[in-house]
Amino acid sequence: MPCSCGSHSTIRDDQTGNLVCSKCYTILDFDNYEAQIGGITGPTGTNIHIGYAGTGSRISYKDRKIYQAKTLIHGYALRLDITYSESGITSMIEEITDGEFGEGDWFNVLIGACSYVVMRRGKKFFPAAEVAKAVGCDIYELGRMIARVVKFLKLSLPEISIAGLFEREFNNYMNRKNVDEDKKEMMMKQGIFLVNCAVKWSLTTGRRPLPVVAAVMAFVAELNGVDGLKIEDVAEHVHAVVSTCKLRYKELLAALVRVAQVLPWGKDISVKNVVKYAPFVIQYMELKSMEVPGGGGERVEPFDMEDVISECLQKVAAYGNDENLSNGDSQYFEVRNRSDFPTLSNDNDGNNLKLSHECLSLIYSTFSNEVDAEKLNGQSGQIHVRKRRGLEPYAYQDWWSGKSELSKKLLLKQILEKEVGFDMMPPSFIAGCKANERRRQKIDAAKVRINKIMDPSYAGSDGSDNLNSSEVACGGKKRKRRQASEIDWEDFVIEALLLHRVKEEDIEKGHYRALLGLYVFNSGTI
């Protein structure tokens, strides 16, 4: 190749080995050029191959993505403390994505959903709220992804065991507390028993289970005198809303109060003091759950009279002197005529008496009325009236036996077959019936107002205008003063729907937004 000066004469430099022009000493271009043609034995150069990460890299894009995905799965498994199920989670994700895995926010949600499904299939109890918090997504988004995973893989998940959830959350929380192991085990069985009873009472029907778990944990801690276990702390631990947990706690207390009404002193038990009487209520429920079903007729339980008197003495201790009562010389336990208690009978040995619930209730009521009469008359006798101090059930632990099947993790069918002394409809169903009744009253009132406007002559048979009014004397004369009727936005919505001829059955359901959009705003009328 000629030089830029036109000379074709070249010489090689002894120091660098480059060719230079012999006339102008210019270094010629492409002197050391080697063709990069490749081949089997030729050099490959530094070109970036398609599908690879970069210059000189031997890791493909797919390999890097899989490596990063598996690293992410391992990190979430460590955070959720389920490293023993990491291989199952990885295999499930690989099957769903055809081995491509993925990256991005959606992949984090997929990891959480597969983690939940794997744990659920292994019958290990894992709250979805904890998974959602770990992967950084909303619980509803996680739920939708779980549904898609189950549908795609055509899986059938076992039912959720709320007792299993309670056991897991209770162990995790109590590990931070300095509580005796025997006491912790007893509290565990008591909690599982109450959780199963809550399922029996439909307190969990159509609701999230974690608030019920938190409510039972707080109740069991208060029952056994464990300090520092507040329902707010428990709600934060189980990732539940505090207000919902408090509502479930109130519902649990109300259910226990209704169960306690069959006891002789049931009328004295309320939501405020049911924790104090809870040992007696739970003992009754435990014995009731161990009854053989299908016995037929009213069941009469044998009682040891000494035990009955002992429990009654504990009750009397709330009013009087323990020393006088412990000697058994109280005038309220004198032998009375058996004709007063027709359901009282004696066994052949003469030691044990068979008392029906009605008989024991009559004995207690007679005693309670006499004690109240003594207090009112100021005649204390052998009972010295003082400030009522309660039964202090925390000092007694022998009331709990733990022999009932409800103290174990059972299936829903097994729980429903047990008897605990009380059955109730789901609170959500009861609230729905009350809401329907309230809306029915509003519908009837709205029809009256509409008829009065459309037909002014419309009035009741008595000629009144059906408005709240009161008579006020003024100057010796009576006149009527109308009170302002309470009409809110719901009444106006119901009136609008009635004017657009919406069926009353549909209005009772309360779906106002959908009905307004269907009949009012998109009705096609001008």
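Starting from 1, each residue takes its place in the sequence as its number.
- The two atoms that bring Ala214 and Val238 nearest to each other are CB-CG2, 4.0 Å, heavy atoms only.
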Which is it for Ile73 and Gln68 under the side-chain contact (heavy atoms from CB on, under 4.5 Å) test, yes or no, and what are the steps along the way? CA-CA 9 Å; Ile73 294 172; Gln68 292 180 350; over 6 Å; no
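- The closest donor-acceptor contact from the side chain of Asn273 to the backbone of Ser270 lies under 3.5 Å.
- Annotation for Tyr84: atom OH counts as buried by contact number, over 12 foreign heavy atoms lying within 6.0 Å.
- Taking the side chain as every heavy atom from C-beta outward, Lys418 and Met290 never approach each other to under 4.5 Å.
- The closest side-chain heavy-atom distance from Tyr76 to Val131 is not below 4.5 Å.
- Of the possible polar contacts, none joining the Gln261 side chain to the Arg258 backbone as a donor-acceptor pair under 3.5 Å is found.
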Please walk me through it: do Lys276 and Asp268 pass salt bridge (Lys or Arg N to Asp or Glu O under 4.0 Å)? CA-CA 11 Å; Lys276 182 172 60 177; Asp268 297 334; over 6 Å; no
Lys189 and Glu167: side-chain contact (heavy atoms from CB on, under 4.5 Å), yes or no, with the steps? CA-CA 9 Å; Lys189 291 185 178 180; Glu167 182 179 10; over 6 Å; no
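- To the nearest 0.5 Å, atom CG of residue Leu165 and atom CD1 of residue Ile160 are 7.0 Å apart.
- Inter-residue side-chain proximity for Ile282 and Leu194 is flagged as met; some heavy-atom pair is nearer than 4.5 Å.
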Please report the C-alpha distance between Arg440 and Glu504 in whole Å, then the side-chain angles of each, then the deciding distance to 0.1 Å, and finally whether the salt bridge (Lys or Arg N to Asp or Glu O under 4.0 Å) criterion is met. CA-CA 8 Å; Arg440 164 49 58 186; Glu504 297 181 10; 2.9 Å; yes
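- For the pair Ile96 and Phe152, the tightest heavy-atom approach, listed with the atom from each and the gap, is CA-CE2, 3.9 Å.
- Judged by distance alone, with hydrogens and angles left aside, the side-chain atoms of Asp63 form no donor-acceptor pair with the main-chain N or O of Ile66 at under 3.5 Å.
- Heavy-atom minimum distance, Ile89 versus Cys114: CG2-CB, 4.1 Å.
- In this pair, Phe166 and Phe170 present their aromatic rings parallel. The plane angle is below 30°, not in the 30 to 60° band.
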CA sep, side-chain torsions, deciding dist, call: Glu222, Tyr249, side-chain contact (heavy atoms from CB on, under 4.5 Å): CA-CA 12 Å; Glu222 186 178 0; Tyr249 184 82; 2.6 Å; yes
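- Other residues, nucleotides and ligands contribute over 12 non-hydrogen atoms within 6.0 Å of the NZ atom of Lys184.
- Judged purely by atom type and a 3.5 angstrom limit, Glu159 uses its side chain to pair as donor or acceptor with the backbone of Leu412.
- At distances below 3.5 Å, at least one donor-acceptor pair connects side-chain atoms of Asn175 with backbone N or O atoms of Asn171.
- Taking CZ of Phe219 as the reference point, atom CD of Gln190 lies at 9.0 Å (rounded to 0.5 Å).
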Show your working on side-chain contact (heavy atoms from CB on, under 4.5 Å) between Met119 and Ser85 and close with a plain yes or no. CA-CA 8 Å; Met119 297 297 293; Ser85 301; 3.7 Å; yes
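- Shortest non-hydrogen contact noted between Val259 and Val420 is CG1-O, 4.1 Å.
- Glu437 and Lys434 are not joined by a salt bridge, as no carboxylate oxygen comes within less than 4.0 angstrom of a charged side-chain nitrogen.
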Residues Glu508, Arg439; criterion salt bridge (Lys or Arg N to Asp or Glu O under 4.0 Å); working and verdict: CA-CA 6 Å; Glu508 284 186 11; Arg439 285 191 286 265; over 6 Å; no
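- For the atom pair Leu110 CG and Cys137 SG, the distance stands at 11.0 Å (nearest 0.5 Å).
- Applying the salt bridge (Lys or Arg N to Asp or Glu O under 4.0 Å) rule to pairs touching residues 127-148 yields Glu130-Arg168, sequence neighbours excluded.
- Atoms CG and NZ, from Leu410 and Lys200 in turn, are 12.0 Å apart once rounded to the nearest 0.5 Å.
- Within the 4.5 Å cutoff, no side-chain heavy atoms of Asn196 are placed close to those of Lys408.
- The closest donor-acceptor contact from the side chain of Arg207 to the backbone of Leu203 lies under 3.5 Å.
- Minimum heavy-atom separation, Leu142 to Ala132: CD2-N, 3.7 Å.
- The minimum heavy-atom distance linking Leu157 with Val117 is given by the pair CD2-CG1, 4.0 Å.
- Using a cutoff of 4.0 Å between basic side-chain nitrogens and carboxylate oxygens, Arg449 and Glu495 are scored as salt-bridged.
- Contact check on Lys288 versus Glu419 returns no salt bridge, with no Lys/Arg side-chain nitrogen under 4.0 Å from an Asp/Glu carboxylate oxygen.
- Residues Lys509 and Asn436 are not in side-chain contact: their nearest non-hydrogen atoms beyond the backbone lie 4.5 Å or more apart.
- The closest side-chain heavy-atom distance from Val220 to Val216 is below 4.5 Å.
- Between Ile82 and Phe126 the shortest side-chain heavy-atom distance falls below 4.5 Å.
- Glu405 has its side chain out of reach of Ser289: every pair of non-hydrogen atoms, C-beta onward, lies at least 4.5 Å apart.
- With values rounded to the nearest 0.5 angstrom, Met186 atom CE is found 4.0 Å from Asn224 atom CG.
- Distance CD/Glu251 to NZ/Lys246: 15.0 Å, rounded to 0.5 Å.
- Taking the six-membered ring where the residue is Trp, the centroids of His500 and Tyr519 are separated by 6.0 Å or more.
- No side-chain donor-acceptor contact under 3.5 Å links Arg248 to the backbone of Ala215.
- A donor-acceptor pair under 3.5 Å links the side-chain atoms of Asp180 to the main chain of Asp182, judged by distance alone.
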